[in-house]
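Inspection log for the structure reproduced underneath, given as structure tokens.
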Protein chains: 2
Amino acid sequence: MPNFVSANRIAEVAALIGDAARANMLSALMGGHALTAGELARHAGVTPQTTSGHLTKLLEAELVALERQGRHRYYRIASTEVAQAMQALMSLAAEGPRRHYPVGPREEALRRARTCYDHLAGRLAVGLADAMAAQGFVQIGEGAALVTGEGRRFLAGFGIALEEDGRARRPLCRTCLDWSERRPHLAGRVGAALLQRMLTLQWLARRPDSRALRILPAGEDGLAEIFRLPVDQL
Amino acid sequence: MPNFVSANRIAEVAALIGDAARANMLSALMGGHALTAGELARHAGVTPQTTSGHLTKLLEAELVALERQGRHRYYRIASTEVAQAMQALMSLAAEGPRRHYPVGPREEALRRARTCYDHLAGRLAVGLADAMAAQGFVQIGEGAALVTGEGRRFLAGFGIALEEDGRARRPLCRTCLDWSERRPHLAGRVGAALLQRMLTLQWLARRPDSRALRILPAGEDGLAEIFRLPVDQL
DNA sequence: GCGATGCTTCTGTGGCCGCCGAACCGTCCC
DNA sequence: GGGACGGTTCGGCGGCCACAGAAGCATCGC
């Protein structure tokens, strides 16, 4: 029959995500942290044994990957492809009937700054992308972003080396549509590097048990001075 | 609870796609043609009444949109967001155990040139992207592409006007990872415009009942002369 | 008007799958 | 060692949902 990337395989993986418990687990893993089975069970709101079943399925389908460490087993998103698919589904889910979710304090923290798999999201990320674009470090198109030569130098000065691998067309930068802001922000290799660097510089800190990020004093200063991004306006 | 883009909503839409029949329908619609319920029923391999049920669900979730015309009802993908999600899931599904699908002649035609929702895909699309990048009309990054000033002029000469809407950050061009080539090609507004223009110029023709495209003689000439893309090498 | 066609709604049936209780296996700590 | 704890496997139950048969409702042709 006509379809041969076998729409059936698409259905398989979509069905895998299309279960409340598993979607919650994957969603939790989108925070970028590797989590143990128990933590995932709590996130999903089901018993450990049920969780275990789900995890084996996700493992077989290579949607998540496993790392053992002593008696703990850490699960994480298996690949950026998976993260992208989840991202696309989030955007889709965030559309629709525009439900009025009451904005609690926790949600407010998430809207302000959070991780999205391996990069920044939230108002901070959108503001950062805008600020860098304004200074000519990146060019942002629809679903697309490129680092300029100037931007490359700027990032190098900030401690991020974009290895100049031979093929000029390779490296760089994607954008990722933020469900809370409905605006693009920087993802891809550059996005991941920015998050990492800001964590090691202690500009930002992960909150335990949440995708939300705290902006530390050093971060407020650094973002304002180096990135020309006044954090208090976020 | 922690998750609040409600992973449950993600699960809902994923589950919607995660059914073989519905996935086949959506997959068929990814060809870019609007299809009738009957055609979709045939694609999915189920009876019309079952199809009807699926379609109401897809409609409610706004994954597909409906256009009535006499006693026919034409269904199409509702938005680019949906198309992107499907695209991401295809990439994911195409990964994995790398099954050996025997490559039939039909599949070969698809690998060569086909539509992907509203733009080109297959070797033709990848080659086109490469050729345009080589001539400096676009810059292609990872998951990202931008049209240069030169490219803008080139496209204008080819009959594609990229309206310069005020906000400089808006328009342009995405890339889309091709499952068959595992390489990016041009999507977004530019990708759609290129496909449209080549269809109206009769460079390409849609095949009935398939996503595959035929490259017409005028297309062979034009692609070689204007885009510097020798089609016979695809 | 008539029937034919395209599509839908209604209804019942069947199967798959997510769920938990219980038991089992491994790792850590003292 | 023993015991606690993190994880997994097994078995049986329950509910949801995709499916087709039959009937209903539009639109087309004559």
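We use all heavy atoms of the structure for the numbers below, so side chains are in, but hydrogens, waters and symmetry mates are not. Convention: sequence-line order gives letters A, B, ...; per-chain numbering from 1. The model shown is predicted, which means the values in this text are computed figures rather than measured ones.
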(request) May I have the step-by-step check of salt bridge (Lys or Arg N to Asp or Glu O under 4.0 Å) for K57(A) and E12(A), ending in yes or no? (result) CA-CA 11 Å; K57(A) 291 187 186 181; E12(A) 280 175 35; over 6 Å; no
(message) Taking side chain to side chain contact (heavy atoms under 4.5 Å, CB included) as the definition, give me every residue that meets it alongside L59(B), ordered by chain and number, with sequence neighbours left out.
(response) V64(B), L66(B), Y75(B)
(message) As an exercise, state the distance from CZ of R214(A) to CD of Q202(A), rounded to the nearest 0.5 Å.
(response) 10.0 Å
(request) Could you pull out all residues at least two apart from A192(A) that satisfy side chain to side chain contact (heavy atoms under 4.5 Å, CB included)? (result) D118(A)
(message) Between C1' on dC7(C) and CZ on R42(B), what's the gap in Å once rounded to a whole number?
(response) 13 Å
(request) Rounded to the nearest 0.5 Å, what's the gap from CG on L89(A) to CD on Q84(A)? Could you check? (result) 12.0 Å
(message) Using the side chain to side chain contact (heavy atoms under 4.5 Å, CB included) criterion, which residues pair with T50(B)? Sequence neighbours excluded.
(response) V46(B), T47(B), H54(B)
(message) Could you work out, with side chain to side chain contact (heavy atoms under 4.5 Å, CB included) as the rule, every residue matching A34(A), not counting sequence neighbours?
(response) Y74(A), R76(A)
(request) Could you check how far CG of L66(B) sits from P of dG6(C), rounded to whole Å? (result) 17 Å
(message) Considering only residues two or more places apart or on different chains, which pairs with a residue in residues 30-40 of chain B satisfy side-chain hydrogen bond (donor to acceptor under 3.5 Å, both in side chains)?
(response) T36(B)-E39(B)
(request) On DNA chain D, reading 5' to 3', which nucleotide is the first and which the last to sit with an atom under 4.0 Å from a heavy atom of chain B, could you check? (result) dA18(D) to dC28(D)
(request) Mind running side-chain contact (heavy atoms from CB on, under 4.5 Å) on L223(B) and M198(B) for me, showing each step along the way? (result) CA-CA 10 Å; L223(B) 284 166; M198(B) 292 189 183; 3.9 Å; yes
(message) Rounding to an integer number of Å, can you tell me how far M25(B) CE sits from dC7(C) C1'?
(response) 13 Å
(message) Under 4.0 Å, counting only non-hydrogen atoms across every strand here, what does T51(A) touch: a base, just sugar-phosphate, or nothing?
(response) nothing
(message) Over 60° means perpendicular and under 30° means parallel, so tell me whether F158(A) and F227(A) are parallel, tilted or perpendicular.
(response) perpendicular
(message) With rounding to the nearest 0.5 angstrom, report the CG to CG distance, L63(A) to L16(A).
(response) 5.0 Å
(message) Using a 4.0 Å heavy-atom cut-off to protein, can you give one letter per nucleotide of nucleotides 12-26 of chain C, 5' to 3': B if the base is in contact, S if only the sugar-phosphate is, - if neither?
(response) ------SSBBB----
(request) Name the nucleic acid region contacted by Y74(A), choosing base, sugar-phosphate or nothing; use a 4.0 angstrom heavy-atom cut-off, strictly under. (result) nothing
(message) To the nearest 10°, give me the bend of the helix from dG1(C)-dC30(D) to dC30(C)-dG1(D), comparing the axes of its five terminal pairs at either end.
(response) 30°
